[in-house]
Protein chains: 2
Amino acid sequence: MDDLEIRKAGLKVTLPRIKILELLREHTDRHLSAEDVYKLLIGCESDVGLATVYRVLTQFESAGLVKRHNFEGGQSVFELDRGGHHDHIVCLDCGHVEEFIDEVIEKRQRTIVKEKGFALEKHALILYAHCSRGNCPNRNR
Amino acid sequence: MDDLEIRKAGLKVTLPRIKILELLREHTDRHLSAEDVYKLLIGCESDVGLATVYRVLTQFESAGLVKRHNFEGGQSVFELDRGGHHDHIVCLDCGHVEEFIDEVIEKRQRTIVKEKGFALEKHALILYAHCSRGNCPNRNR
DNA sequence: TGTTAAATGCGAATTCTTCTCGTTTGTACA
DNA sequence: TGTACAAACGAGAAGAATTCGCATTTAACA
Ligand SMILES: [Mn+2]
Ligand SMILES: [Mn+2]
Ligand SMILES: [Zn+2]
Ligand SMILES: [Zn+2]
């Protein structure tokens with residue numbers, strides 16, 4: 001049941017919320033934009049409005065159920081928050097995303113912030129690169 | 001003369017371009033949005049259109065004269081590219097930005113990317129934190 | 001099952017950015 | 001120095017992503 005997570009977040013268990021959470025659970029491998037979520041829900045019998053998708057994703061973010069990322073390109077993408085933090089490598093050619101976590105970097109960040117007299121809240125580290133997958137449009141060079 | 005840099009970039013030396021570059025040189029301490037640049041140029045006798053500001057900033061970016069950053073908040077900010085790379089700490093309360101460079105982190109990034117079979121092109125590391133400046137609205141807690 | 005506040009869907013509105021197009025302006029060269 | 005022409009400009013329309021406003025629906029709980 002998805003219900004529990006939603007209820008725990010203090011939100012009413014509605015069909016749109018159940019379906020969006022379900023969908024995110026089915027795509028833990030991808031990072032979905034609001035538009036992506038909206039389109040994936042379109043065939044799915046009862047329709048969910050785009051505004052609702054945005055609202056629900058934002059609420060899920062506040063509730064700690066999903067994470068939002070702002071990669072280049074202007075639109076936010078979302079993924080289920082499965083607890084552990086990770087950062088991202090994004091292929092500039094095909095958009096493929098890989099995740100990683102590096103404790104050396106994480107620790108350095110904390111040190112730097114402390115030295116500067118800040119209190120670290122969160123961070124975004126995105127490595128833009130060219131991947132080497134066979135189906136990547138720019139795998140040459 | 002600002003003219004040289006602009007001409008070297010293969011761009012015609014026009015008044016808007018001179019003024020925008022000048023303005024960025026006067027504000028190396030800040031990170032300006034296109035809107036910021038536009039407003040700062042408004043009093044300044046001859047008017048520069050907002051579309052031109054966007055166009056010129058994008059051209060300067062391609063020419064390596066300025067760097068664009070996408071901090072949280074949806075709008076791009078720009079700063080003069082003075083050669084050396086650096087990353088950013090952004091105060092979530094007052095928007096104050098501090099810059100830093102950490103060779104340990106830079107090196108780890110290169111290692112990680114290589115391990116994953118990518119070719120690193122660039123990266124964005126932004127630490128979101130709470131600063132400790134007296135005039136910061138949320139300096140408490 | 002009825003009441004009620006919360007949530008939804010729709011379209012309008014915002015915000016940031018880019019495009020279109022008629023006009024202006026550097027630049028190369030006569 | 002004057003002319004020709006591509007490049008650049010300003011203004012406003014258009015576009016893309018996101019949020020808002022509001023009438024209607026729905027989950028929660030008595
Ligand atoms: Mn991820
Ligand atoms: Mn900077
Ligand atoms: Zn790729
Ligand atoms: Zn601050």
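All of these numbers come straight from a predicted model, not from anything done at the bench. Residue numbering restarts at 1 for every chain, and letters A, B, ... go by the order of the sequence lines.
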- Could you note down all residue pairs passing ring pair (Phe, Tyr, Trp, His ring centres under 6.0 Å) where residues 78-97 of chain B supplies at least one of them, sequence neighbours left out?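 Counting only pairs at least two positions apart or across chains, the ring pair (Phe, Tyr, Trp, His ring centres under 6.0 Å) contacts touching residues 78-97 of chain B are B/His31-B/His88, B/His69-B/His88, B/Phe71-B/His88, B/His85-B/His123, B/His86-B/His88.
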
- With a non-hydrogen cut-off below 4.0 angstrom, is A/Thr52 in contact with a base, only sugar-phosphate, or nothing?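 Since a base atom lies under 4.0 Å of A/Thr52, the category is base.
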
Could you state the atom-to-atom distance from [atom1] of [X] to [atom2] of [N] in whole Å?
X       : N      : atom1 : atom2 : value
B/Arg68 : C/dC16 : CZ    : P     : 14 Å
B/Lys39 : C/dC16 : NZ    : C1'   : 12 Å
B/Lys19 : D/dA8  : NZ    : P     : 18 Å
A/Leu50 : C/dT8  : CG    : C1'   : 13 Å
B/Arg7  : C/dT25 : CZ    : P     : 18 Å
A/Leu15 : D/dA28 : CG    : P     : 12 Å
B/Arg17 : C/dT24 : CZ    : C1'   : 14 Å
A/Leu4  : D/dA27 : CG    : C1'   : 16 Å

- Task: Identify whether the distance between the nearest side-chain nitrogen and carboxylate oxygen of A/Arg133 and A/Glu98 falls below 4.0 Å.
- Result: no

- Message: Quick check: any donor-acceptor pair below 3.5 Å linking the side-chain of B/Arg55 to the base of D/dG10?
- Response: yes

- Message: In the structure I gave you, are the side-chain heavy atoms of A/Ile112 and B/Asp87 within less than 4.5 Å of one another anywhere?
- Response: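 They are not in contact (no side-chain heavy atoms under 4.5 Å apart), so the answer is no.
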
- Co-membership, hydrophobic cluster, residues B/Leu24 and B/Val48, 4.5 Å side-chain: yes

- A/Thr58 and A/Arg55: side chain donor to acceptor below 3.5 Å: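 On atom types as modelled, these side chains do not qualify, holding no pair under 3.5 Å.
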
- Query: If only side-chain N and O atoms of A/Ser76 are considered, is one of them under 4.0 Å from the OP1 or OP2 phosphate oxygen of D/dA17?
  - Reply: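 Negative; the distance criterion is not met.
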
- Item | Short side-chain N/O contact to C/dC16 OP1/OP2 from B/Ser33, under 4.0 Å | no

- Query: C/dA6, D/dA8, D/dT19: which one has an atom nearest the side-chain heavy atoms of B/Lys12?
  - Reply: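 Nearest listed nucleotide: D/dA8.
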
- Message: Quick check on DNA chain C: between B/Tyr54 and B/Thr14, whose nearest nucleotide comes earlier from the 5' end?
- Response: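 Looking at the nearest nucleotide for each, B/Tyr54 comes out on the 5' side.
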
- Task: Between B/Gly73 and A/Gln59, name the one whose nearest nucleotide on DNA chain C is closer to the 5' end.
- Result: A/Gln59

- Message: Assuming nearest nucleotide by heavy-atom distance, tell me which of B/Leu11 and B/Tyr38 is located more 5' along DNA chain D.
- Response: B/Leu11

